[in-house]
Amino acid sequence: MERCPFENELILVSNRGPISYTRGEDGELKTVRGGGGLVTALLGVAASCEITWIASAMTPEDAEISIRVGGGSTKVTHDEHRLGLRFVVSDPEVYNKFYNIIANPLIWFIQHYLWDLSVVPDIRHNEFEAWENGYQVVNREFADVVCDELDARGNERPVVMLHDYHLYTCPSLVRERHPEAFLHQFVHIPWPQSDSWRVLPRHIRQAIVRGLLANDIVAFHTQRYVRNFLVSCEELIGAEVEVDFARSVVIVAGREVWVRAYPISIDCADFERLAESESVLEEERYIEALRREYLVLRVDRMDLSKNIVRGFKAFDMFLDDHPEFKQRITFLALLQPSRGDVKEYNTYRQQIMREVEVINTKHGTTNWMPIDVRMQDNFMRSVAAYKQFDVLMVNAIYDGMNLIAKEAGLINRHDGVLILSENTGAHEELGEYCLSVNPFDLESQSEAIYQALIMEKDEKSRRAGMIRDTVKHNDIQKWIETQFVDIKAKMTEKAEAT
Ligand code: F6P
């Protein structure tokens, strides 16, 4: 990969960091890689630039390391790349309000249209309090650390790249103290239509939009989210801004904020290497042993936005309509446990298990279980399953991008067919080559499973080839480099304006 096109160091800022510390049974500190697509993508940035990464301390051991280095940064190595890692240590009570009451579920649910507004959410003292004494406090703590890093570098002017919905109000706090700073923020989840934000009381929704507009560039995965954001600026704080839709720019307090789309992707070369690694090959033997003639696969974090229950209902309908496939097919669902402290996620997990039990009892036999659910975090097994599927089900209600579709599409060895929700960011790129479904339409999902299974060999191979080519053409390097090009251009524009 090319080096950064500019001299400046990068400061990456995200809630979840590249690694976390834990203590093994022998009492020794060991590191665990941070989960999720965001971390994977940002490690690509770390490979090309000198970076300091600021992230929340997720474990007591992270906090311990932070104390050991006096709150400063510690050098860590990942995939031979050295990077500085600095933890933001929050009080656990404060962090709980930030993460488990405001970020997930409140903001996450708004951005994925998950609230059933006739009954939830109720915004009471608990939520107001969690906003003030949780979300805002953690954002302030992040801003303090960012400012500290900027102060330490004086005139070197590093680029600050913030990430995601956890840190919406952080940029305005940094801007107040460092008006000259270069701030860039990537929102990795959908930006919904502006009225969705009216679930939140005025001062909260306005603080979110104002916070984002303190950046120089605000980035999303798709043009649809960009449009939604521009409209939100006009609708939610219209008196304070001028929105130029043609240039995709918001003018606020005499500053121009660029709003851009960069569809995130994966490191293809790395992923192909991983697919051939011994640990994946070993897991592949495991998958081969459990599969029957056909394998339908889903791999997801156990999140309500992923639409797991409806995927199973569609499979139930498919088995009703096409009993000739019974005994010959398995729906393997590899679900990583997630956000276990949020009650909605626990209820959803129970709903999933209930649905699976009903379907397996209805269609299963003593030697055939139609749906095989594994609730575990076993990345190597997921990669092995990517290679083996005949049908991949990605029916998310809404999803910022969905990297599973890209990862699995790249390394699948069966010319497997992708069933893809029209409400995923990935659909903007892969929509032509998948079987496109509406996530609420069970008929279309059930029919898509059938169509995928009976599709002509040549057609399957053509579609799978196009998916591979599309992913390779727009891989993680391109995602990073196009952002660097824009950052450089925006820096020049700013320099000329002063
Ligand atoms: O962008 C969404 C994201 O932040 C990704 O990193 C990942 O898919 C997921 O959410 C991780 O969530 P959490 O950090 O809550 O486990």
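Heavy-atom basis, side chains included; hydrogens, waters and symmetry copies ignored. Whatever order the structure lists them in is the order used to number ligands and atoms, beginning at 1.
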Undergrad: Scan N474, T482, D486 and name whichever one has a side-chain hydrogen bond (donor to acceptor under 3.5 Å, both in side chains) with Y262.
TA: D486
Undergrad: Please check if any side-chain donor atom of E422 sits under 3.5 Å from a side-chain acceptor atom of S436, or the reverse.
TA: no
Undergrad: May I ask you to say whether D341 pairs ionically with R339, meaning some side-chain N is under 4.0 Å from a carboxylate O?
TA: no
Undergrad: Check whether the ring centres of H188 and F186 lie less than 6.0 Å apart, and answer yes or no.
TA: yes
Undergrad: Less than 3.5 Å apart, N/O on ligand 1 and N/O on the protein: could you list those pairs with the distances?
TA:
from: ligand 1; atom 1: 1 (O); to: D164; atom 2: OD2; distance (Å): 2.7
from: ligand 1; atom 1: 4 (O); to: D164; atom 2: OD2; distance (Å): 3.0
from: ligand 1; atom 1: 10 (O); to: R339; atom 2: NH2; distance (Å): 3.4
from: ligand 1; atom 1: 12 (O); to: R339; atom 2: NH2; distance (Å): 2.8
from: ligand 1; atom 1: 14 (O); to: R16; atom 2: NE; distance (Å): 2.8
from: ligand 1; atom 1: 14 (O); to: R16; atom 2: NH2; distance (Å): 3.4
from: ligand 1; atom 1: 15 (O); to: Y99; atom 2: OH; distance (Å): 2.4
from: ligand 1; atom 1: 15 (O); to: R339; atom 2: NE; distance (Å): 2.9
from: ligand 1; atom 1: 15 (O); to: R339; atom 2: NH2; distance (Å): 3.1
from: ligand 1; atom 1: 16 (O); to: R16; atom 2: NH2; distance (Å): 3.1

Undergrad: May I ask you to check whether F109 and W115 place their ring centers less than 6.0 Å from one another?
TA: yes
Undergrad: Verify the neighbour count for atom CD of E234: are there more than 12 heavy atoms of other residues, nucleotides or ligands below 6.0 Å?
TA: yes
